[in-house]
Amino acid sequence: MTLVSEEAFFYQGIPRWDFGLGNPNKAAAILAVILILSLGISLRARRGWIRWSCGVLAAVVGYGLAHTFSRGGFVAFLVGTVVLFAGSWKDPRKLQKWMPALLAMLVLGGAATWMGFAGRMVHSSPSADASVGNRLVIWRSVPAMIVDAPGGWGRGTAGGAFMGWYQPLDSYTRYRTLVNSHFTWLVEMGWPGRLCYVCGLAFLLAMGFVRLKTRGDPIPLAVLTGFATAAFFSSVAEDWIVCAIPLAIALPTLKSFAFDATTRMRCVSAATAILVGCALLGAIAVTGAAYRPAGSIPLRKSLDGTRIVVGEGTPSAWVVCDPTTMGGPAFGRRLRGFAQTPEGHGQTFGLVGDLAAVPDDVRRLALCGKSTDAGVGAL
């Protein structure tokens, strides 16, 4: 395994380590999880040699994390470590038990300062860093994208949907995802899948809390929290290698939930997860209905995903689209640009991907690309 892929990322001339994964953010997510796990084992170890071995491992992993220059990975580590230390603080241990973990933290902080990573964290404001600003532009559109497509935009289409229908017309940055695993999946799934995903994630964290209460073990909750945080800042959870350790660490939480928890704890955990999931999705729905990003236009995607209505009211014309001949999946940019002209202002159009989805009462119809091969009988 190489430290840097052939198409390396750089920060101020310094190569960002990705360990052959092709993206330093994915490497940082794995390292953050390993670092949290190492610190957790060090704090809970009863033998000194295990404690110090884990401390040395944490220091080495921390140096690697700093060399990825991944702010999302570093924030994930910090969040997970806060959970880990908070869950371990009440444990009546001697100060010497904390020494390996604290020294590993000092090594990480020193490496981050020496390589300039700390400076990158300090200057991570939207005005000073285009990467941060671009993320915020994308994430502002997420509630509207969710509300506009009750059946979802479809697997693997989140980036194209954003570029076509929500990206500012003066921006030409290309995206495959929404630079956020959670938002990407919520946009691509329909409402049933969204509800299952949010409630499932909340339930997984709730089981980690049950593990902490029943066994006094904060490691699973800390690891899962750190991983969920890493997946918020980049689309890292799409790679199974990144998910391997969090999924493995979830098994002890399931065991504790099934055998150690009381019936009341199980019911409270499940109810809390459902309430949290419904509340989050409800807030997203209200935000998406009441607020639309600047430059976007009214949009409605049918529940079955076969039709898109652009504009208010009933479409005056329908178009059978073929993205391959219309500029790719972001062809909606042209239509949005036309809607801002005096000629296109106030008009409503219907878009379909197949001639069979066109309403029977259509008056004006445009065929693009392969749809023009349809015979007269089909028309």
Side-chain angles (χ1 to χ4, degrees), residues 137-138 140-176 178 186-191 285 287-379:
V137 170
I138 298 172
R140 289 192 193 106
S141 302
V142 168
M145 295 183 71
I146 289 176
V147 171
D148 291 345
W153 286 95
R155 183 178 180 181
T157 63
F162 168 75
M163 291 187 295
W165 302 110
Y166 302 90
Q167 187 178 32
L169 295 178
D170 59 352
S171 175
Y172 298 93
T173 306
R174 300 184 65 83
Y175 296 99
R176 181 179 58 84
L178 301 183
L186 289 176
V187 164
E188 293 179 350
M189 293 186 293
W191 281 111
T287 303
Y291 167 79
R292 298 192 66 84
S296 65
I297 57 178
L299 190 71
R300 306 187 304 276
K301 187 178 178 70
S302 64
L303 185 62
D304 59 4
T306 60
R307 300 176 183 177
I308 298 178
V309 176
V310 183
E312 300 283 0
T314 303
S316 58
W318 286 83
V319 182
V320 182
C321 304
D322 181 5
T324 58
T325 60
M326 297 171 65
F331 66 87
R333 295 174 60 94
R334 296 290 185 90
L335 186 55
R336 285 195 291 143
F338 174 70
Q340 296 180 1
T341 64
E343 181 182 3
H345 181 70
Q347 294 196 43
T348 303
F349 301 94
L351 310 177
V352 298
D354 186 81
L355 188 60
V358 177
D360 294 335
D361 59 350
V362 62
R363 293 291 182 176
R364 300 175 62 187
L365 179 65
L367 305 180
C368 301
K370 62 182 180 181
S371 64
T372 59
D373 296 334
V376 177
L379 294 177

Using the side-chain contact (heavy atoms from CB on, under 4.5 Å) rule, take I146 and L186 through it: C-alpha gap first, then chi angles, then the decisive distance, then the call.
CA-CA 7 Å; I146 289 176; L186 289 176; 4.0 Å; yes
Taking the side chain as every heavy atom from C-beta outward, state whether L365 and L367 have any pair of such atoms under 4.5 Å apart.
yes
Kindly give the heavy-atom pair with the smallest separation between E312 and P298, and that separation in Å.
OE2-CG, 3.4 Å
Sub-4.5 Å side-chain heavy-atom contact between W153 and I308
yes
Can you check whether P143 reaches Y291 side chain to side chain, under 4.5 Å on heavy atoms?
no
Using a 3.5 Å distance criterion without hydrogens, assess whether the side chain of R336 forms a donor-acceptor pair with backbone atoms of Q167.
yes
Any non-hydrogen side-chain atom of E188 less than 4.5 Å from a side-chain atom of L178?
no
Can any side-chain N or O of T157 pair as donor or acceptor with the backbone N or O of A161 at less than 3.5 Å?
no
Indicate the atoms forming the closest heavy-atom contact of K301 with A149, along with that distance.
CD-CB, 3.8 Å
Please tell me if the side chains of L351 and V310 come closer than 4.5 Å, counting only heavy atoms from C-beta onward.
yes
Looking at CZ of R334 and CG of L169, how far apart are the two atoms once the value is rounded to the nearest 0.5 Å?
11.0 Å
S316 side chain to T348 main-chain N or O, any donor-acceptor pair under 3.5 Å?
yes
State, yes or no, whether a side-chain contact exists between I297 and L335 at a heavy-atom distance under 4.5 Å.
no
Tightest non-hydrogen contact, residues G350 and P315, listed as N-CB, 3.6 Å
Which heavy atom in V187 sits nearest to a heavy atom in A158, and how many Å separate them?
CG1-CB, 4.3 Å
Can you see which heavy atom on T325 is nearest to which on C368, and at what distance?
OG1-C, 4.3 Å
Non-hydrogen side-chain atoms of D148 and Y166 separated by less than 4.5 Å
yes
Donor-acceptor contact present, side-chain Q347 to main-chain F338, <3.5 Å:
no
Given side chains that start at C-beta, do those of P168 and V137 come closer than 4.5 Å, heavy atoms only?
yes
With salt bridge (Lys or Arg N to Asp or Glu O under 4.0 Å) as the rule and sequence neighbours excluded, what pairs involving residues 338-357 come up?
none
Is it the case that the side chain of R307 and the backbone of A357 share a donor-acceptor pair, with hydrogens and angles ignored and the cut-off at 3.5 Å?
yes
When every non-hydrogen atom of S371 is compared with those of V320, the smallest separation belongs to CB-CG1, 3.3 Å
Interatomic spacing from CE in M163 to OG in S141 - rounded to 0.5 Å:
13.0 Å
In sequence, state the C-alpha distance, the side-chain angles, and the governing distance for R292 and L299, and then conclude on side-chain contact (heavy atoms from CB on, under 4.5 Å).
CA-CA 10 Å; R292 298 192 66 84; L299 190 71; 4.2 Å; yes
